[in-house]
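Below is one structure, written out as structure tokens, with a few remarks after it.
Chain letters run A, B, ... following the sequence lines, proteins first and then strands; every chain starts at 1.
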Amino acid sequence: MTTKELPKIYDPKKVEDKIYKIWEDSGFFNPDNLSERKETYANILPPPNANGELHIGHASGYVTMDLLGRYNRMLGKKTLLLPGKDHAGIQTQVVYEKKIKKERGISRYDLGRDKFYQEIYDFCIDRSQYMRNQEKKLGLSADWSREKFTLNPDIVNIALETFVEMYNEIDSEGNRMAYKGKRIINWCPRCASALADVEVEHAETQGKLYWIKYGPFVLATSRPETKLGDTAVAVHPDDDRYRDMVGKKYMIPGVLGEFEVEVIADKEVDMNFGSGAIKVTPAHSFVDNEIAIRHNLPSRQIIDESGKMMNNCGKYAGMTTQKAREAIVADMKKMGLIDHIEDNYIQNLSICERCKTPIEPIPSEQWFINVNHKNFSLKEEARKIILNEDIKIQPASFKKIMLNWIENVHDWCISRQIWWGPRIPAWYKDGEIKVQLESPGEGWVQEDDTFDTWFSSGQWAYTTLKYPDGKDFKDFYPSNNMIMGRDILPFWAFRMIILSLYKTKTIPFKNLYFTGLIRDEKGHKMSKSKGNGIEPLEMIEKFGTDSVRLSVLIGSSPGNDMNLGEIKIESYRNFVNKLWNISRFVLAKIGDNTADEKIKEENLTYADKWIVDKIKKIIVEVTDDLEKYNFSLAGEKLQNFTKNDFADWYLEVAKFENNQVEKNIILAKILKDLLKLWHPFIPFVTEEIWSNFNQAKLLLIETWPTLENWDDIVGENIETERYIFTKIQAIVTAIRNLRAENKIEPTKKLKTIIYTGNDFEIIKNEGILIKNLRTGVGELVIKKNGEKPAEALYTIASGIEIYLINEIDKVAEQQRIQTELSNLKKYTTDLAQRLSNKEFAKKAPAQIVVQEKEKLAKAQSDILEMEKYLEKLK
RNA sequence: GGACGAUUAGCUCAGUUGGUUAGAGCACUUCUCUUACAAAGAAGGGGUCACUGGUUCGAGUCCAGUAUCGUCCACCA
């Protein structure tokens with residue numbers, strides 16, 4: 001027999017890269033190498049933006065996906081985790097433009113469209129390589145041979161075809177599902193691009209509110225420069241102040257001369273804002289535009305796509321809106337048209353999510369997707385799917401959020417005026433338009449605009465699987481789980497659902513799981529500029545991957561944000577080390593070979609039966625929790641079992657109980673099952689320990705623990721006997737407690753007398769446990785009952801009386817027992833009250849009633865004995 | 001304005017369908033280097049589960065309202 005020599009402290013750095021290479025070389029990340037398996041499991045991984053690096057949020061998501069992947073692989077499923085990267089249109093273009101400006105002092109126009117595109121492409125490929133290594137560091141068991149990029153030609157082609165199909169989807173009135181239309185859109189002057197609603201942020205900003213004289217009105221506006229585009233004044237229909245004026249037309253003096261407006265009444269107008277009358281600028285305000293449509297008002301555009309005043313603005317033409325505002329206000333002052341100005345006006349300004357530039361709402365030609373098309377309403381189909389729970393959402397509460405979002409969705413603007421991304425396959429010639437993948441021929445010019453990033457990533461669920469004829473599509477679609485941060489529900493989850501429903505006529509995935517966001521210790525959002533971010537690689541370097549994985553898996557719940565600090569990761573590093581040392585002990589004790597030994601049932605002790613019962617429960621519960629996405633709970637239970645049951649009690653017992661053959665078999669079996677249960681959480685350390693068992697298979701593809709594995713070594717009587725060890729535990733704890741409270745030096749052995757009452761038969765032979773479990777017990781007497789010694793520390797637990805023979809301070813001892821007594825009495829009063837309630841007896845389940853009665857009886861008998869002892873003390 | 005969360009120990013958070021005297025980690029106090037582990041062990045202190053009502057034999061858990069904080073959506077000119 002050789003003793004396993006493992007180092008005292010687990011060193012992840014020496015282990016992780018080695019283990020990952022073994023996994024990769026094994027080929028088992030690729031489901032094609034698990035071909036004997038029938039049932040499949042697939043998770044298409046969300047592609048991170050290929051323009052940077054992974055942050056802790058990515059890490060958290062990947063760890064969750066890998067947990068499920070590894071678990072399902074161990075369940076014997078043909079498992080695919082399919083990785084990829086996203087080109088992230090606007091964001092990457094902004095990042096790269098900043099980069100070339102800083103490093104080379106140039107703009108994208110200096111490079112030209114083709115060269116610019118090529119450079120970003122190379123940049124992304126380079127970043128992807130870096131990020132892939134980060135993903136591997138996390139232990140992600142993904143099939144790298146299938147890795148995809150949203151701009152891979154095969155991926156793009158499928159996505160573009162969808163657009164062509166949608167263009168050709170025409171209802172009876174001639175409306176296309178994908179259409180070009182003039183709409184007011186959110187326009188970012190800096191990006192020179194349209195933005196989708198979800199790409200716009202709102203920020204409270206201090207501005208000014210101008211009260212201007214406006215013909216017969218005085219009205220308040222924060223944007224006086226838009227006066228040049230006004231075509232009406234609107235008031236609330238119930239506003240008595242203006243009732244007589246509605247329907248009339250007025251000439252309004254302005255900086256470019258008089259112009260005519262009509263007064264209209266519309267419920268959108270808030271009577272309490274300003275003077276109750278507002279100017280209507282249909283071309284440059286979403287609300288005004290809606291009012292204009294309702295009242296059939298003309299629209300006059302005065303701001304162009306560079307954010308500057310247009311040629312119809314006289315001397316203000318060419319000014320930015322900001323400049324024009326100043327100039328126009330100055331001129332209006334001269335003309336006496338300014339009533340007064342409020343300086344401290346807080347307004348909610350729309351800004352570009354990517355570059356924080358204020359948005360200009362302007363009318364523009366853009367491509368849209370009709371989400372409520374008559375042939376196939378994306379909105380309605382999605383609603384049905386979510387309502388019917390064809391896709392199950394975790395946590396369940398997010399179903400409501402999804403439905404609420406679907407309710408409020410508008411047509412989706414999919415064109416972006418940027419260079420980085422797939423170009424829209426629409427071709428123009430002499431006012432004609434054709435939508436098809438290839439150029440129709442000579443003289444046709446392709447649309448300049450590219451697609452919104454989410455139009456391609458929204459198709460990720462099937463483009464990655466070689467839709468429509470690929471084997472992967474047949475094998476793995478719809479996938480089992482889709483996991484993403486809760487912040488991208490409207491961006492991505494919803495779009496994947498609608499596009500997949502349209503294209504494949506079925507759901508993209510069966511389960512949709514949202515993770516929360518990770519914040520810093522104080523609950524703030526992590527960001528580079530604040531410098532409060534936790535870098536996953538740095539933490540891995542410091543504490544090991546397994547610790548980082550545990551820190552994001554335990555103590556979090558689906559969809560809820562989590563605060564994370566370094567201290568938490570450190571504490572899990574300590575736990576991983578604990579598991580390492582547990583294994584070190586077990587491996588050293590059992591030596592090499594326990595395989596041929598047979599357990600003799602009659603040699604099993606109460607501790608053996610207790611721990612076997614415990615591990616069986618853990619197997620059932622952890623499996624159940626994982627099935628229900630309760631990862632945190634599963635982890636906590638495993639942690640409790642590992643530390644509090646297995647290490648603190650069973651390992652200690654195993655050091656001296658005298659049935660070594662059985663002990664070694666049980667220790668080995670439990671440790672092996674424990675490693676399997678832990679593997680999806682902490683794959684590296686478990687695989688490393690596993691390798692010390694000289695196993696034929698990698699833990700990676702081992703079989704998930706089952707109860708059958710235990711049934712053949714421990715028989716039925718475990719059910720009745722497993723409780724005995726918990727009695728012993730209670731006695732041992734009570735003795736330790738008594739000694740600690742009374743400050744008995746640990747080395748001092750005390751004669752101990754135990755009166756067991758009814759438990760005599762089962763406890764009488766367990767003296768070896770009571771003596772050896774660090775209780776400092778010297779001579780030990782176990783009797784059914786007997787005389788109460790006068791000089792002793794005393795306690796009673798569920799009818800078992802314990803005396804530690806020692807000199808005592810009678811007054812202090814009386815006081816201690818008095819306190820315990822009064823606690824017990826309060827407890828019994830509460831119990832008695834509950835039991836005396838007739839309704840309780842009638843309506844509560846019988847099992848609960850019996851339980852409560854037992855509790856009361858035990859407590860009452862304890863009180864009796866304790867009172868007797870107190871008498872004796874006096 | 002609309003929707004959705006959160007509020008449990010000093011801190012970070014669990015608590016699965018309502019049922020032991022409400023848990024963990026960190027921090028704190030006392031003791032111990034005991035032959036797996038001091039990155040450890042033993043023992044302990046600390047909570048009227050935000051508040052007010054309600055349903056129930058029984059509520060941290062279900063319902064209604066209030067307060068505070070947060071997130072998302074819409075947006076006011």
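- Across B/rG5, B/rC75, B/rU71, the shortest atom-to-atom separation from the side chain of A/V287 is found for B/rC75.
- A/K8 has a side-chain polar atom (N or O) that falls below the 4.0 Å cut-off from OP1 or OP2 of B/rC37.
- The phosphate of B/rA77 (OP1 or OP2) has a side-chain N or O of A/S222 nearer than 4.0 angstrom.
- Among the heavy atoms of the strands, none lies under 4.0 Å from A/K826.
- Across all strands, A/R739 comes closer than 4.0 Å to no nucleic acid atom at all (heavy-atom distances).
- Partners of A/I744 according to the side chain to side chain contact (heavy atoms under 4.5 Å, CB included) rule, which considers only residues two or more places apart in sequence or in another chain, are A/R739, A/N742, A/K748, A/L750, A/L793, A/N806.
- Taking the charged nitrogens against the carboxylate oxygens, A/K643 and A/D648 have no contact shorter than 4.0 Å, which rules out a salt bridge.
- More than 12 heavy-atom neighbours from other residues, nucleotides or ligands sit within 6.0 angstrom of NZ on A/K655.
- Straight-line distance from the CZ atom of A/F398 to the P atom of B/rC72: 12 Å, rounded to whole Å.
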(Q) Counting Watson-Crick and G-U wobble pairs with both distances under 3.5 Å, what is the dot-bracket string for RNA chain B, 5' to 3', using [ ] for crossing pairs and | for pairs to another strand? (A) (((((((..((((.....[...)))).(((((.......))))).....(((((..]....))))))))))))....
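- Taking the six-membered ring for Trp, A/F681 and A/F631 have ring centres at least 6.0 Å apart.
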Got a list of protein N/O to nucleotides 14-21 of chain B N/O distances below 3.5 Å?
from, atom 1, to, atom 2, distance (Å)
B/rA14, OP1, A/S557, OG, 2.8
B/rA14, O2', A/E636, OE2, 2.6
B/rU20, O3', A/K855, NZ, 3.0

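- Aromatic pair A/F575/A/W678: centroids less than 6.0 angstrom apart.
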Can you give me the N/O atom pairs linking the protein to nucleotides 43-49 of chain B at distances under 3.5 Å, or say none if there are none?
from, atom 1, to, atom 2, distance (Å)
B/rG44, OP1, A/N737, ND2, 3.3

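- Between the side chain of A/E652 and the base of B/rA36, a donor-acceptor pair under 3.5 Å is found.
- A salt bridge links A/E360 with A/R223: the distance from a Lys NZ or Arg NE/NH1/NH2 to an Asp or Glu carboxylate oxygen falls below 4.0 Å.
- With hydrogens and angles disregarded, no donor-acceptor distance shorter than 3.5 Å links the side chain of A/T281 to the backbone of A/H284.
- Taking atom CD1 of residue A/I582 and atom C1' of nucleotide B/rU35, one finds them 17 Å apart after rounding to whole Å.
- Nucleotide B/rU55 holds its P atom 14 Å from the CD atom of A/E839, rounded to whole Å.
- At a threshold of 4.0 Å, the pair A/R383-A/E407 counts as salt-bridged, since one of the basic side-chain nitrogens sits closer than that to a carboxylate oxygen.
- Residues passing the side chain to side chain contact (heavy atoms under 4.5 Å, CB included) test with A/E854, sequence neighbours excluded: A/V850.
- Inspection of the A/K589 and A/N664 side chains reveals an N or O donor paired with an N or O acceptor under 3.5 Å.
- Nucleotide B/rG5 holds its P atom 14 Å from the CZ atom of A/F514, rounded to whole Å.
- The side chain of A/I9 sits closest to B/rA39 out of B/rA39, B/rC76, B/rC37.
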Q) Going through the checks in order, is the side-chain contact (heavy atoms from CB on, under 4.5 Å) test met by A/S583 and A/N692? A) CA-CA 10 Å; A/S583 309; A/N692 286 288; over 6 Å; no
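- Within the 4.0 angstrom heavy-atom criterion, only backbone atoms of the sugar-phosphate kind lie near A/K643; the bases stay farther away.
- At the heavy-atom level, A/A647 lies under 4.0 Å from base atoms of the strands shown.
- Residue A/Q729 contributes atom CD, which lies 12 Å from atom P of B/rA42 at whole-angstrom precision.
- Atom C1' of nucleotide B/rG41 and atom CG of A/N772 are separated by 17 Å, given to the nearest angstrom.
- Taking atom C1' on both B/rG65 and B/rG23, the two are 30 Å apart, rounded to the nearest angstrom.
- The interatomic distance linking A/F286 (CZ) with B/rC73 (C1') rounds to 14 Å, in whole Å.
- Using a 4.0 Å cut-off between a side-chain N of Lys or Arg and a carboxylate O of Asp or Glu, A/D624 and A/K628 qualify as a salt bridge.
- The stretch residues 570-580 of chain A comes close to RNA chain B through A/S571, A/R573, A/N574, A/N577, A/K578, each having a heavy atom under 4.0 Å from the strand.
- Surrounding NZ of A/K392 are at most 12 heavy atoms belonging to other residues, nucleotides or ligands under 6.0 Å away.
- The six-membered or imidazole ring of A/Y629 lies near that of A/Y513, with a centre-to-centre distance under 6.0 Å.
- Ion pairing of A/R834 with A/D830 is absent here, as no side-chain N (NZ or NE/NH1/NH2) approaches a carboxylate O to less than 4.0 Å.
- Here A/I554 lies out of heavy-atom contact (under 4.0 Å) with every strand.
- If you check every strand for non-hydrogen atoms under 4.0 Å, A/I401 touches sugar and phosphate atoms only.
- We find that CG of A/L667 is positioned 13 Å from P of B/rA36, with the value rounded to whole Å.
- Ion pair A/R241/A/D239 flagged as a salt bridge, since at least one NZ, NE, NH1 or NH2 atom sits closer than 4.0 Å to an Asp/Glu carboxylate oxygen.
- Using a 4.0 Å heavy-atom criterion, one finds that A/Q833 contacts no nucleic acid atom at all.
- Spacing between B/rC63 and B/rG10 at atom P, rounded to whole Å, works out to 28 Å.
- Across the interface with RNA chain B, nearest-nucleotide mapping of A/A841 and A/K743 shows A/K743 to be the residue nearer the 5′ end.
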